[in-house]
Structure formats: structure tokens, C-alpha cells
Amino acid sequence: WCGSLLEFLVSPRMAGLRVDFGFLLEPLGFIKILEWIFSIFAFATCGGFQGETTLLVSCEGVVNKTVTAAFAYPFRLNTVVFSAPDPKHCGGTWTDVYLVGNFSSSAQFFVTLAVLVFLYCIAALVVYIGYKDLYQQNSKFPLTDLAITVITAFLWLVSTFAWAKALADIKMSTGTSIIPGIESCKAPGTTCRFASVTSMRTLNVSVVFGLLNMVLWGGNIWFVYKDTNLHKQSNRISQSP
């Protein structure tokens, strides 16, 4: 698609630019705007997240000291360490405590797809608005658009479910269940209590937008298909005596 678009834009036919915003009122153009907007919300709600998990630690010379572990996109939790309760590390009984899990692959897959979709939607809208006639006359563009739409719908399905599973694991790795796995909290005279974790509502919203994107791109397959020669040929065959 990108190669075809570049070849198209640098060709003499670029002089055929005729801006027609009326195309945005048609299903193909309107859905593309929604896909563009929803892709922004998808990568913004996931890629912009920052949070922290907080524990209250009591040990030698320390009472209810707050220790925190700050985490953010791309959620390599196994590199995130809790702050020490005090400079003496509870008399030497407190060792570095890391969160568990690396969920960067699922998170980056989801965000990267959203960014690429955002860029593709911009390119597609330029063609839809400025070169509607040429888009409809050149059979390669609708077919390429159809192929990308089908692939993107599938990728939204895969990335959204992968990210949803990773998000569930992130909640487990930063929630109350982390206490039993911290060896330093098992030292004599040391007690740890879970205090809080940053709300992950925005990450939940990112999953919702992933599902919405999947539905949009899946539904858009039909409208893109209607502009291809495949649909026109099937109509001619069905109408022939």
C-alpha cells in the first residue's frame, strides 16, 4: 500500500487532486475517521500509563514505612525494584525486591499496531478526499485497501486479546498477591502490608478501544469490498441470464 501510494502521489495523475469532503459522509469515509480516532485513544490510553505499587513495611528501626515500585509502559515489571524502607535496609535483612513479569511484547504489539493504523488512516483519508475518482478507477487501490483492512482486523483481534491477557497478569503482579512472594517480608521481625496500587481504569479503557477497533475494521471489510472489482464481477455474474 505505501509503495503504491508513493508511486501514485509522485505520478502526473497527482494533478488530478479534487478535494471532496462529501466522501466522509459515506460509510467508507465515515468509518475511516472513526478508525483514525479510535486508534489514537488505543495507543494513548495504553502507552501513556504510569503507576506504582505501595507497601507498608515494619522492621528493625522502621514502623509502617512506605516503599514503592513505579512502573509504566511497556511494563517490564521484572526491572522495577521497590525502594528500600531505610538506608540500613532493615538491619541488612531487606534485599532488593523486584516485581514479577515482562509484558512488553503484548503492550508494544498493541501500541505499535495502533500507531501504524493511525498513520494508515491518514494516508487513506488523503486518497479518499483528494483522489476519490482515481481511487475508484484504479482497481489496485481498492484491492490493496481490502487486503490491508482484512489483515488489520485480524491483527486487532490478536493484539487486543494478547494485551487483555497481559493486563490481567499485570494486575496480579502489582496487586495484593505479591506479598507472599517477597522473601524480605519473611525475615524475622519484618512485616509487610499491601497499601495501594494505581488505578488501571485507563488500561481497561485501552482494551475496550482495542475491541471497538476490531469491530470497526471487521465491519469495514464489506464496505471496502464493495468498491473492488471482485464485488462488481460477482454482481455481473449474478445478473447475467
Side-chain donor or acceptor of Asp145 paired with backbone N/O of Phe141 under 3.5 Å: no
Measuring from [X]:[atom1] to [Y]:[atom2], what's the distance to the nearest 0.5 Å?
| X | Y | atom1 | atom2 | value |
| --- | --- | --- | --- | --- |
| Thr149 | Leu28 | OG1 | CG | 8.0 Å |
| Phe209 | Asn213 | CZ | CG | 8.5 Å |
| Trp163 | Ser206 | CH2 | OG | 5.5 Å |
| Tyr120 | Leu113 | OH | CG | 13.0 Å |
| Ile182 | Leu55 | CD1 | CG | 5.0 Å |
| Leu146 | Phe223 | CG | CZ | 13.5 Å |

Donor-acceptor pairs under 3.5 angstrom involving side-chain atoms of residues 98-106: please list them, not counting sequence neighbours.
from: Asn102; atom 1: OD1; to: Ser104; atom 2: N; distance (Å): 3.1
from: Asn102; atom 1: OD1; to: Ser104; atom 2: OG; distance (Å): 2.8

Sequence neighbours left out, cut at 3.5 Å: what donor-acceptor pairs do the side chains of residues 187-202 make with other protein atoms?
from: Arg193; atom 1: NH2; to: Asn64; atom 2: OD1; distance (Å): 3.4
from: Thr198; atom 1: OG1; to: Glu52; atom 2: N; distance (Å): 2.9
from: Thr198; atom 1: OG1; to: Glu52; atom 2: O; distance (Å): 3.4
from: Ser199; atom 1: OG; to: Arg201; atom 2: N; distance (Å): 3.4
from: Ser199; atom 1: OG; to: Arg201; atom 2: NH1; distance (Å): 3.4

Does any non-hydrogen side-chain atom of [Y] lie less than 4.5 Å from one of [X]?
| X | Y | value |
| --- | --- | --- |
| Val117 | Trp217 | yes |
| Leu143 | Lys140 | no |
| Thr174 | Leu77 | yes |
| Lys32 | Ile129 | no |

Minimal non-hydrogen separation, Ser173 against Ile178, with atom names: O-CG2, 3.0 Å
Closest approach of Val224 to Pro142 (non-hydrogen atoms, all atoms of both residues): CG1-O, 3.9 Å
Would you say [Y] ends up clustered with [X] if hydrophobic residues are merged whenever their side chains have heavy atoms under 4.5 Å apart, either directly or through other cluster members?
| X | Y | answer |
| --- | --- | --- |
| Val97 | Leu56 | no |
| Ile33 | Ile122 | yes |
| Leu34 | Leu119 | yes |
| Ile170 | Val81 | no |
| Phe30 | Trp222 | yes |

Side-chain polar contacts of residues 152-161 - donor-acceptor pairs under 3.5 angstrom, sequence neighbours left out - could you list them?
from: Thr152; atom 1: OG1; to: Ile148; atom 2: O; distance (Å): 2.7
from: Ser159; atom 1: OG; to: Leu155; atom 2: O; distance (Å): 2.9
from: Ser159; atom 1: OG; to: Trp156; atom 2: O; distance (Å): 3.4
from: Thr160; atom 1: OG1; to: Trp156; atom 2: O; distance (Å): 2.7
from: Thr160; atom 1: OG1; to: Gly210; atom 2: O; distance (Å): 3.3

Under the salt bridge (Lys or Arg N to Asp or Glu O under 4.0 Å) test, residues paired with Lys165 that sit two or more places apart: Asp169
List, one per line, each side-chain donor-acceptor pair under 3.5 Å for residues 37-50, sequence neighbours excluded.
from: Ser39; atom 1: OG; to: Glu35; atom 2: O; distance (Å): 3.4
from: Ser39; atom 1: OG; to: Trp36; atom 2: O; distance (Å): 2.7
from: Thr45; atom 1: OG1; to: Phe41; atom 2: O; distance (Å): 2.6
from: Thr45; atom 1: OG1; to: Ala42; atom 2: O; distance (Å): 3.2

Qualifying salt bridge (charged side-chain N to carboxylate O under 4.0 Å, His left out) pairs, either residue in residues 76-103, two or more places apart: none
Sequence neighbours excluded, every pair satisfying salt bridge (charged side-chain N to carboxylate O under 4.0 Å, His left out) that has a member inside residues 174-192: Glu183-Lys186
Over 12 non-hydrogen atoms of neighbours within 6.0 angstrom of CD in Gln108: yes
Partners passing disulfide bond (SG atoms under 2.5 Å apart) against Cys59 (at least two apart in sequence or in another chain): Cys90
Side-chain cluster (under 4.5 Å, hydrophobic types only) that Leu25 belongs to, other residues: none
Applying side chain to side chain donor-acceptor pair (under 3.5 Å), can you list everything that pairs with [X], at least two apart in sequence or on another chain?
| X | value |
| --- | --- |
| Trp94 | none |
| Ser184 | Thr95 |
| Lys65 | none |

Pair Thr54-Val67, side chain to side chain contact (heavy atoms under 4.5 Å, CB included): steps then yes or no: CA-CA 6 Å; Thr54 304; Val67 298; over 6 Å; no
Whether Phe75 and Tyr73 hold their rings parallel, tilted or perpendicular, with breakpoints at 30° and 60°: perpendicular
